[in-house]
Each structure stands twice: as structure tokens, then as C-alpha cells.
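Each residue takes its place number in the sequence, starting with 1.
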Amino acid sequence: YQQGWDEGVLQMSLGERAILSIPSEFGYGKSGAGADIPPDADLEFDVELLKINDKKLLTKLDIDDFKNRLGEWKDSKLSKYDTREKFKKKRDQKYGNREGYVAFLDKEILESVKEASSLIRKTPHMFEATSSDGTVIARFQDAQLLTLIDGKTGKLLHSTLHKTIASKHPNRIYFSDVAYELLIECHDGMVYSFDLDKKCFSADAAAIGGGGEGYDAGKLDMSILDNLDLIRSTSMVKDTKLASFGRKELDIAQVEMPGLMGIRSECKGELPLKGANITGSLHMTIQTAVLIETLEALGAKVRWASCNIFSTQDHAAAAIAQAKTADVFAWKGETIPEYWYCTFQALLWPSNSKDSTVTSSRGPDLIVDDGGDATLLIHEGVAAEKTFRETGVLPNPSNASCDDEYCILYLLKNTLSINPELWSNIAKGLIGVSEETTTGVHRLKEMAQEGRLLFPAINVNDSVTKSKFDNLYGCKHSLPDGIMRATDVMLAGKRVLVCGYGDVGKGSAQAMKASGAYTYVAEIDPICALQACMEGFTVTTLDDVVSEVDIIITATGNKDIVMLQHMRKMKNNCIVGNIGHFDNEIDMKGLYNATDVKRVNIKAGTDRFEFSDGHGVIVLAEGRLLNLGCATGHPSFVMSCSFTNQVLAQLELWEGRKSGKYDNQVYLIPKHLDEKVALLHLDKLDAHLTKLTKSQSEYLHIPVEGPFKPEGYRY
């Protein structure tokens, strides 16, 4: 409650904490001071202690005088206890005797003096504004407490905390002349708007004077993210007429994917995933279509979006949509807002198989993720809802650092207005996620280490039959395929730099070398660099060869690898492409924003950027995965290895839900299942395994049927 600002007493109480306000004359002119009271404090005692802080004393900032007054307060306390018998009894019960009580009071005086000294040095500002009609008085104090007071009656109308504005250093508050809102201006030029009708902070922050302008979303059409309340029960694909073509290719792919087909055969007549709602966020290709129909054959219901705006094969999406084996939300060439809309649709499950609203929909039981975008959206949603509950602050898209983040914040701002518990409810219902790629696993491990991971995760990427096959052999096949489809360039005799020599980089470098190119490798890790040397590659730096090479491929999983200043130094028509998961290895923003660079589109996925000096660079797939943006990605056989791991991970999570086997941590698929994936593919290659004899098994202490290697073995 508020007893009155000038009296300097308890200003506000919020459940477990309270804020004490000292008169406005305290400290620096029209300043206010406050102190948090811990939940277990003697609130009555603390309030009484601060009542002696009168205006005269605080104006002088006289610590000695303050101490004397505390001494007088102490004497009055002792006098009370000496004159009333029941107080003596209470004193002795709590403090042992009079001396114990005196020591307690002395300690309180010392702490009060220290606190007063600190407050004098650190007094936060209090700002006040009155609406033009005089009906509302607003006070923003302690850098985080906003109170609204009826200008006529003095009654407290509303109070709220805004913890994040404290770091922005507010410097004034005022009422808007054009809208029913209160504006809080900060030193960095940003203005936070408080809606007086809705009693909450808006996400819209504008620049004042010379302050920052926030993120420029450019020409993004955000309209698709303005209508999120309808959850679709039917697929959204580019052209359903492509379904027949897609089905033909899907049938061919099944023959090349013995792992997935083997699991279908093993589970024939059973439905081990019955009752599971699975959301996928993974490249919508022909090979993914076989994965989707495997999950569906095992009893799951599936909704799917792609994890890359260029990677969808429209005939594959059409084939799945027509067969109704999943609801698919994907098409090649999505805009970034469309991409996040599709991810949102895949994560929500409409009720009764009909279009429904967000409030009547639910989230998935399981997620198949590639790069972690579906997982990220849920975690960001939960965090935004928590912030909104505690402070009333909505996500602010203008605080974004890239287009994807802008769209995420925009989407979350809108979902909060529809259902402020949407993402929290989705997270609570999730059994787990299986993650496909290196970068996504890195995200998961970070969240787990920080205690932020909201559900269990299985790391599919680091299964041997994924990382050493998809990442290595898949890239060895699909990188040259993508380069040649995009440019028709001959690789033999060219000079190629591969940035990064992990599994993806190894496959990429070997492919370039096998094509007859002089191949260089750039690395930060001395072990990987030594491996590259032992394979006959020249290890160098980008800066050393940037003006000499014909092709540069990024495969680091890091950001800011090839920047605009590098491209200015490149040979004419140097080809620049990325085969790492995300689009931040190549400085596309720098290219787009450079005033002396002209973009010339050659064909879908291939652009030439011409500089003012006449030279140009050819950039593939706008800096995204070139093997999927310019070609069809990895071949079916190697994707069968990856996707068989995904199915086994989904089965593990679904079956483990009953026993609570998995905590909110990141797990590897067990070694015996990794070996099973390999075993399922050997017949296709007409490979015949040697069997251990019983005595050999005992000699090596390895079971006849495996697993044959310890968990830490490096293949």
C-alpha cells in the first residue's frame, strides 16, 4: 500500500518482496531512494527504523547525526524493554539477556549506517509525470518500479516492476500527446511505452534524438506472422500436382535406404510409436519423406517443416501432402517470415483433425530437429512468457540482430497476445527431442550446462553412423554436385580453400582433391590441422590465399568467416559457398548493404555480386547450405544411416517416457544401437562380417554379438 510519498514509508509490497521509499529530498535533488526487504525480514521493525529519516537529516547527508538518532532509537527500545515485563521475557527468550539484546541493536545500528552511506552514494532517480488532464500521476523510481496514482484521490491505480529498463538508465518519463500511453526515455535513446489501458509495456521502442534506431528489418513482409491464431490441419506446399513425380522418386529412394526399411520390417504388425505426435524441423527432401513415412508406419502422427528456406524439394513435400502421411508446411524459396510461420504451424497440433485456434491446440510429444530451430523457438517462447509475467514487457523485435531473430521476436510478441502460456504448456508436454546436426547439438549442450534445457535430448549427430557417414561421405558426394549444378565450373586444376576440417570439412576437402583441385585447408584446431597435413593438404589462412583461390567453401559451424573485406580482394568470379548448417559464415548482410556492390541473379541459388572495380564473386544459395540450395543434398544411402538413428532415438525417448529414463540432459544413442544402424546397411553392399569365436570373445572381453568398441573409441 502507499501511505504517502513524503512520509517515506512502505511504498509497495509484492508477495515475497517490498520496496521502501525515502523522501524525494534524499540525495540528488528530485531523487528517490529504495531498498529491497528480504522475505524473512521483520517488516514492522524495518519500516519503523526508516521513519526516523526525516527530510532535514537526509538533506544534510550527515552520517554522524544519523548514527546519533539511531542511538536515540536504541535507547527508546531499551527503555521499553526495561519498563514492561512481557518485553523483558520476550527479550530473554530471543536474545538470552539484556547484553545480548544490546549487541543485537548495536549490530543493527552499524548495518543501518552502512546502508545509509551506500544509499547516499547510489541513490537511484525517481521521475514523475502528470497527464495533461491531471487524472493520472506516474512515478518511475528505483530504475524499475512504476506506479500510477489517481491524480484526484491519490489512490494507487497500478504498480509494476520492469527490471530490464534499469540497465538502460532512464532519464525522463512523459505522457504521449497522441496515444493513451506513458513513455520512459533511456540514455541510449530508446523509449519504452507503457499502455495505460492494457497496463503493460509494449514491445515497440522508438529512437529519440541521436539514439539507436533498432534493427532494420528491411523489406521483410511480416503479414504472415500477423495471423497466428489459426492452426491448420492440412498441408501448405507449393504445388500438389508434383505429388506423382515425388512418389516415383520416393519409391526409388526406399530401395537405397535399407536402414529405414529394415526397421519397418522389424516392426511390421506393431505400432511402437502409436499415440506419439511428432514434429519435424528438417530439410523436406525425398529422403526425409522416407523418414516421415517410416515414423508414420510405426504408429506416429507427424507434422513437418523444413529447417532451411532453400532446401525443400517441392515434389517430395507434395507426395507426403497427397498421401496424408504427415501435414507438411514447406516450400522451396520461403521468405524468413514464412519459414518461422511454417515452424510454428508444425509445432502446434489442432484439435479433432480440423483447423483450430491456438488456445484449443496442443504441442508435440516429440521433436525431430535439425539445427535446433524448433527447440529454440520453444525455449525463447518460454523465456518471453516468464519475462512478461514478471515485468509486463513484450518481446521487442527492434532489439534483434538479424532477420531470423526479428521474426522470432515478432512471432512471440503476437503469441503472447493470444495465449500467454502457450510455449510453457508446450514445453511441459514434451517428452524429448532428437537433434540431427553439430550446431544444434552445441546449442543443446549449452542449455543443459546452464540448466536451461526444458526436456531431454538425444544427440543423433555424434552417433558414429551419422557423423562419420552423413557429415563425411555425404558432403564428399553433395558438395561437388552443388558447385557444378550451380556454375558448371570444372573443378580440376582450380585452387580451392576449405575453411574447417571437421567431419564436414574432411569430406569436402577430399571431394575437391579427388576432383583434381589444388586444395587448401584453414583450421583453428592443431589436431585437425595436423590431420589435414597428413592427408596431403596445405594448411594456411584465408587472409594468405584470399586473392589466389578460385573457390572458397566454409564448413566451420562458426560465424563471420568470409567477410565483405575478403570478397573485395578475391579473384574475379571466385565462387563462395557454405556447407555449414547456418547462414552466418559468409557476410551476406555486408554484401547486401554495400553501396558499391550490385547483385546480379544468374539463376535460383546462384548470384554474382559485382564490385565497383569491375570484379565480381559468385555466391551460392545466399550463403546457406549450397548442397541443398543448389542441388538435392546427400544421397539416399548415407541419409538412411542418419535417419535410422533418428528413428531409434525417437523410439528410445517414447519408450523411456514410462520409466522416466531421461532427464533434461543431452544423451548419445547407445553403442549397440549405433552398431545396429551399420548392420542394417551391410547387406545392401553385399558385405559379410567375420564372427568372433567364443575363445576370441573371451580373450578380448568383447561379446560375440557386440558392442565391439567402448563408448570413448574414436573411429
Point to revise | Pair Phe643 + His634: ring centers closer than 6.0 Å | key: no
Exercise for review: For salt bridge (Lys or Arg N to Asp or Glu O under 4.0 Å), just list the numbers for Arg452 and Glu450, CA-CA rounded to whole Å, side-chain angles, deciding distance to a tenth of an Å, and then say yes or no.
Suggested key: CA-CA 5 Å; Arg452 295 188 295 112; Glu450 295 168 3; 2.6 Å; yes
Point to revise | Pairs meeting criterion ring pair (Phe, Tyr, Trp, His ring centres under 6.0 Å) with involvement of residues 308-329, two or more places apart | key: Phe245-His315
Strictly below 4.0 Å, N to O, side chains only: are [X] and [Y] in salt-bridge contact?
X	Y	answer
Asp481	Arg485	yes
Glu523	Lys506	no
Asp503	Lys468	yes
Glu705	Lys691	yes

[X]: partners by ring-ring contact (aromatic ring centres under 6.0 Å, His included), with sequence neighbours left out:
X	answer
Tyr473	Phe469
Tyr501	Phe537
His566	none
Tyr713	Tyr715

Please tell me whether [X] and [Y] have a donor and an acceptor in their side chains that are separated by less than 3.5 angstrom.
X	Y	answer
Gln650	Ser434	yes
Thr465	Asn645	yes
Asp404	Trp340	yes
His283	Thr312	no

Review point. More than 12 heavy atoms of other residues, nucleotides or ligands under 6.0 Å from OH of Tyr518: is that the case?
Key: no
Exercise for review: Keeping the roles fixed (side chain from Arg303, backbone from Val328), state whether a donor-acceptor pair exists under 3.5 Å.
Suggested key: no
Practice item. Output yes when a side-chain donor or acceptor of Glu338 lies under 3.5 Å from a complementary backbone atom of Thr335, and no otherwise. Key: yes
Going by atom type alone, with no hydrogens or angles, which donor-acceptor pairs under 3.5 Å involve a side-chain atom of residues 436-446 and a protein atom two or more places apart or on another chain?
residue : atom : partner : partner atom : Å
Glu436  : OE1  : Gln646  : NE2          : 2.9
Thr438  : OG1  : Asn461  : OD1          : 3.4
Thr438  : OG1  : Asn461  : ND2          : 3.3
His442  : NE2  : Glu446  : OE2          : 3.3
Arg443  : NH1  : Gly371  : O            : 3.0
Arg443  : NH1  : Gly372  : O            : 3.3
Arg443  : NH1  : Asp373  : OD1          : 3.3

